[in-house]
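First comes the structure, then the notes that go with it.
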There are 4 protein chains.
Amino acid sequence: MLRIGILGATGYTAVELIKILLRHPQVEIGVVTSRQEGAPTIASIHPQLTGRLDLRVEDLAPLDVAARCDCVFSCLPHAASAQAIAPMLSTDVRVVDLSADYRLRDPRVYAEWYGDHHPDNGRLGKVVYGLPEFYAAEIAQSQLVANPGCYPTSAILALAPLVRGGLVRPEGIIVDSKSGVSGAGRTPKLNTLFPECNESVAAYNVGHHRHTPEIDQGISMISGKDVQVVFTPHLIPMDRGILTTTYSVPTAGVTETQLMDALRATYASAPFVRVVDHLPATKDCSGTNFCHLTARIVRGRVVTVSVLDNLIKGASGAAVQNMNRMFGYGETLGFY
Amino acid sequence: MLRIGILGATGYTAVELIKILLRHPQVEIGVVTSRQEGAPTIASIHPQLTGRLDLRVEDLAPLDVAARCDCVFSCLPHAASAQAIAPMLSTDVRVVDLSADYRLRDPRVYAEWYGDHHPDNGRLGKVVYGLPEFYAAEIAQSQLVANPGCYPTSAILALAPLVRGGLVRPEGIIVDSKSGVSGAGRTPKLNTLFPECNESVAAYNVGHHRHTPEIDQGISMISGKDVQVVFTPHLIPMDRGILTTTYSVPTAGVTETQLMDALRATYASAPFVRVVDHLPATKDCSGTNFCHLTARIVRGRVVTVSVLDNLIKGASGAAVQNMNRMFGYGETLGFY
Amino acid sequence: MLRIGILGATGYTAVELIKILLRHPQVEIGVVTSRQEGAPTIASIHPQLTGRLDLRVEDLAPLDVAARCDCVFSCLPHAASAQAIAPMLSTDVRVVDLSADYRLRDPRVYAEWYGDHHPDNGRLGKVVYGLPEFYAAEIAQSQLVANPGCYPTSAILALAPLVRGGLVRPEGIIVDSKSGVSGAGRTPKLNTLFPECNESVAAYNVGHHRHTPEIDQGISMISGKDVQVVFTPHLIPMDRGILTTTYSVPTAGVTETQLMDALRATYASAPFVRVVDHLPATKDCSGTNFCHLTARIVRGRVVTVSVLDNLIKGASGAAVQNMNRMFGYGETLGFY
Amino acid sequence: MLRIGILGATGYTAVELIKILLRHPQVEIGVVTSRQEGAPTIASIHPQLTGRLDLRVEDLAPLDVAARCDCVFSCLPHAASAQAIAPMLSTDVRVVDLSADYRLRDPRVYAEWYGDHHPDNGRLGKVVYGLPEFYAAEIAQSQLVANPGCYPTSAILALAPLVRGGLVRPEGIIVDSKSGVSGAGRTPKLNTLFPECNESVAAYNVGHHRHTPEIDQGISMISGKDVQVVFTPHLIPMDRGILTTTYSVPTAGVTETQLMDALRATYASAPFVRVVDHLPATKDCSGTNFCHLTARIVRGRVVTVSVLDNLIKGASGAAVQNMNRMFGYGETLGFY
């Protein structure tokens, strides 16, 4: 049994991660950390875990976690995450980082969007971007994997095959995303208070969302072309789910059939990405590690629609998919 | 007191219309029609009206309604609406049509999107498009006003000033809208059943939504330029509200300040359109006749965000605004 | 025009109060207070007020507010409210207190449920309980009115006529209430974060909710009998609305018809309470000052169901009803 | 591998059942039936199953289903369910009936609440009530198991131990339940349309809900005492989850500790029932087969609060628990 540790176990991605791992036949969760005082039980923090995981959260040093685990997932916020992970990498523990710390390859881009205090700056560009549909081989060889962001996963899965295949132009791509509120985290804030966001929809961080450069980089790396998207996220009154609608310009003569064929060919052997003919709803993938996507041509524009569960395929499910790859299990082990 | 009749009083736009009119000091609702058998009270159909409107729905011929009213609002579905309205126009009753029947000016465009059975085809092109922010004078003179659709109102108010002012290019405009479920009407269908659309978001009618040519026409008429938008509506798990995000290409050298100035200048004397600096949420306008909107430039694209209540500014509120104009009341009478 | 001041203008009851008062033909809002720094506009705190109320919040001493107003509404939290109100009562300003400070008549009961630091203890027992359906005459004569709580209003309106009429026994009454989340206030807390309470229902403060003694007192005062209820509030994933289900034991031979007759007789001339035959939903009264209620006998128990909007009939609407009484306006002025 | 058939596969309980069975290591779903024409794929009916179950729904005679299966689950409506099940019982297939058809033991009670057309009347009283926490041994021996209703499970688990233990009186028990909308089924109706039940709560079927006699019978059978409850169900704007609050009279001298001890003793070895000290929320059990419950004494009344997922512990999860018992698997196999 693989011994698992989870850093930063009090949030929404952590509880989803724990629930997936509890069903996984080859792992055992041994350590869950948090700075909360008094070492409360994990079930008191996440009542969903009552009677399912009998652990207390501990406030441990990174090397103490590493000593007790084969695989560590970090659900810490950015910066805190790299600070905890860096020292562990001198041991032989393997790490999946769910924060944004190691996703961007260029330290200048990181500094521009996240500020200039990356605690492990030198490692940027050397860590695999953990999108298993495109980087399976590298993931399998890695000690550290940078788990992708939720919005980027939904956008890259839909767009990268089309840009790479020369079916849409790399310039002028629009990414309009709609996300459930769990994506905003579990820290109480006015804008995520129930009566503020219930019965309402709003755009936020227009032009400034930190997932923008990650979407750029993901599509650019896969396609070999320079892509800079216009990205607009919206907050939707639901717990979970992301629907991303993209708009791009097809290259000359491209048909809807060619778009769908390119998507189907890309994901022919991807167990969790399904190219569908109908227009998918986020609920179709809610609670699962699937991403459903489709493409249309409307009045000379390519429109794609992709849906996934932001906490699973957009975070913890992808993280377990990565762990499966890293430790040589079947990619779908523990899921369904 | 103006005597009011409402055709098709069982749906969501009708009940909102009634609630607005109940507060209006110059009108009295005298007739509400429906084909429902047994002449039930309007309060049994809309419990919100208990103790507020003591009428029964009647199944009346159009001329019988006209004989009892000064102003008639039609909340009937398209085709049925024109069929009821056409005969009334030979009397001197004045009519606000909330259906789509008289909005499109070109019979061929109507036929292409709605089918070729318009019961009053010859009048298309002669009826004013009832967007009070742009057609106030014509509305005041009209016997019949075509009340705009909810999505078109949100898109046209944001885009028309920018296209007209030459600040954005008329080609390649993207309109991505998010609407509450009340927009889908009150007839039970699987896709608007609570457990189907709650906790979910989906795009629908991609490339086929009937509001597309109305958005084209609205922006084109106001700007004098030929506009064909790509329009994607999405269903959001909330009762009411529309948020529309648009993407367009600015003309050379245009700044965010110029965009905002053009919007502010256009709506300087419009009592219900507010140009705001922050990113508005649908809740900001929920239950009101306001539309809040803003504009940004992001990576060389113009992004606008506009919000309104689909049942009020997007339907019944605009209808009362039109009535106020038609009968010479102050535009805001009865609202706030 | 009556000059109005509102203390503690940043919460949900305050914004509803302002929206009602903006429609009232005899009042003008002149002062809104808050401790927020920098004197922000009220519209920046409540975007719903954009273009409707052009005031900044001020941090004023009570006597400075009193000097500028004829009528003051306090939306402050308990204790803070009495502290602000007490000094104003030496002027001739009249006050509606929406907090709990002056509702309970017995200082010992107040101390038991709220703690022993009431800043104006001596006035308890001398302030009218502002339930206009029962205390209209006293309200009209009062300088200070204690506006009832939301849960108590829903329970007292349903039960008091039945206990007073000897139709149900005063012992063993159960009050099971279901409330929207706005009732929990606008301060960010974990349990009212969207992803915590969306898609969930929970009981809270079982046996300890501070509205318990207010329900006891309200029914006891009106009926002249000693009532102690078992009260269980539940949090429902909706913005607003309270549904209260009560269970009591009928006295010998009582029929459903007698129950309904007693309710109808009590509220025959109450403009905002409607006794209905069907089972009401909170949505029937949402956004209005109405309370709909009904009664049934099931297997030898009396079951009542009453619904209202917690922010309106349960708070700000009742407050304006009280103001109307205090200043001699028609009870419904400004509502519909 | 156990070969599984599912009758009536188009509703919400069926899709949850399929999702649980897909994770079960010892079963294979071979047949899913429905009267829908054209033999659509199950994934076209339930998009959640895309890429997970590659079957078409078939319109088959009961004996044809029985011939291809070891275990059949019926998700048909009542009456239709017994009609399909009765002929299968002459084969050696084993059946879990999720409908109400075989739950009530007394044909007269069935006729009173469901009408007098039970198609297999003679078998009533001979079928085990499939509540695994109380009838594990009988379930293991049975060819046919009557799977309990969702409301009854939540009420019986909380109350039966207390009545059986003599801790509360059997008379005058109140059961006030709050349920998500999925419990109302997948057939489009006005009252379960999104804009009707969103942002609203309502009581329904007060005094008439068909789960009433099942709650009576469940508590009575387990306790050996005659119980007749007052049961009031409420519809809550959420997909899934039931919270049941009960009120009863403790026998002399009973303490909260005794109540909790009795509950803990009853469920000490029940893997899916957890007695908790805090007040549970439905979300704590959402998506799981758990029931969390607690008890309090408030002003001389016993108050219990129990929560479960109506589609899982209240339907399909319990059905798989029963299957596990019937075929000798571990009770929790396939769950977590």
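The chains referred to below are lettered A, B, ... by the order of the sequence lines, with proteins before strands, and numbering in each begins at 1.
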What part of C/Val305 lies closer than 4.5 angstrom to a heavy atom of chain D: side chain, backbone, both or neither?
-> side chain
Chain D contact via C/Pro237 - side chain, backbone, both or neither, heavy atoms under 4.5 Å | both
Cut-off 4.5 Å, heavy atoms of chain C, and the answer for D/Val303 is side chain
Is it the backbone or the side chain of C/Val206 that comes under 4.5 Å from a heavy atom of chain D, or both, or neither?
-> both
For chain D, the option from C/Ile297, C/Val307, C/Ile236, C/Ile174 that forms the most heavy-atom pairs under 4.5 Å = C/Ile174
Any chance you could measure C/Leu279, atom CG, to D/Leu235, atom CG, to the nearest 0.5 Å?
-> 12.0 Å
Using only distance, no hydrogens or angles, which N or O donor-acceptor pairs sit under 3.5 Å between chain C and chain D?
| from | atom 1 | to | atom 2 | distance (Å) |
| --- | --- | --- | --- | --- |
| C/Asp176 | OD1 | D/Lys178 | NZ | 3.1 |
| C/Asp176 | OD2 | D/Lys178 | NZ | 3.2 |
| C/Asp176 | OD2 | D/Tyr247 | OH | 2.6 |
| C/Lys178 | NZ | D/Asp176 | OD1 | 3.1 |
| C/Lys178 | NZ | D/Asp176 | OD2 | 3.1 |
| C/Lys178 | NZ | D/His234 | NE2 | 3.3 |
| C/Pro195 | O | D/Lys283 | NZ | 2.5 |
| C/Asn198 | O | D/Lys283 | NZ | 2.7 |
| C/Glu199 | OE1 | D/Asp239 | N | 3.1 |
| C/Glu199 | OE2 | D/Asp239 | N | 2.7 |
| C/Ser200 | OG | D/Thr282 | OG1 | 3.4 |
| C/Ser200 | OG | D/Lys283 | N | 3.0 |
| C/Val201 | N | D/Thr282 | OG1 | 3.0 |
| C/Val201 | O | D/Thr282 | N | 3.0 |
| C/Asp216 | OD1 | D/Arg299 | NH1 | 3.1 |
| C/Asp216 | OD2 | D/Arg299 | NH1 | 2.9 |
| C/Asp216 | OD2 | D/Arg299 | NH2 | 2.8 |
| C/Val229 | O | D/Arg299 | NH1 | 2.8 |
| C/Thr232 | OG1 | D/Tyr247 | OH | 2.9 |
| C/His234 | NE2 | D/Lys178 | NZ | 3.3 |
| C/His234 | NE2 | D/Thr245 | OG1 | 2.8 |
| C/Asp239 | N | D/Glu199 | OE1 | 3.2 |
| C/Asp239 | N | D/Glu199 | OE2 | 2.7 |
| C/Thr245 | OG1 | D/His234 | NE2 | 2.8 |
| C/Tyr247 | OH | D/Asp176 | OD2 | 2.6 |
| C/Tyr247 | OH | D/Thr232 | OG1 | 2.9 |
| C/Thr282 | N | D/Val201 | O | 3.0 |
| C/Thr282 | OG1 | D/Ser200 | OG | 3.4 |
| C/Thr282 | OG1 | D/Val201 | N | 3.0 |
| C/Lys283 | N | D/Ser200 | OG | 3.0 |
| C/Lys283 | NZ | D/Pro195 | O | 2.5 |
| C/Lys283 | NZ | D/Asn198 | O | 2.7 |
| C/Arg299 | NH1 | D/Asp216 | OD1 | 3.1 |
| C/Arg299 | NH1 | D/Asp216 | OD2 | 2.9 |
| C/Arg299 | NH1 | D/Val229 | O | 2.8 |
| C/Arg299 | NH2 | D/Asp216 | OD2 | 2.8 |

Option that, when pairs with chain C are counted at under 4.5 Å, heavy atom only, ranks first among D/Gly241, D/Pro280, D/Ala202, D/Gly300 | D/Ala202
Greatest number of non-hydrogen atom pairs under 4.5 angstrom with chain D, of C/Val229, C/Ile242, C/Val249, falls to C/Val229
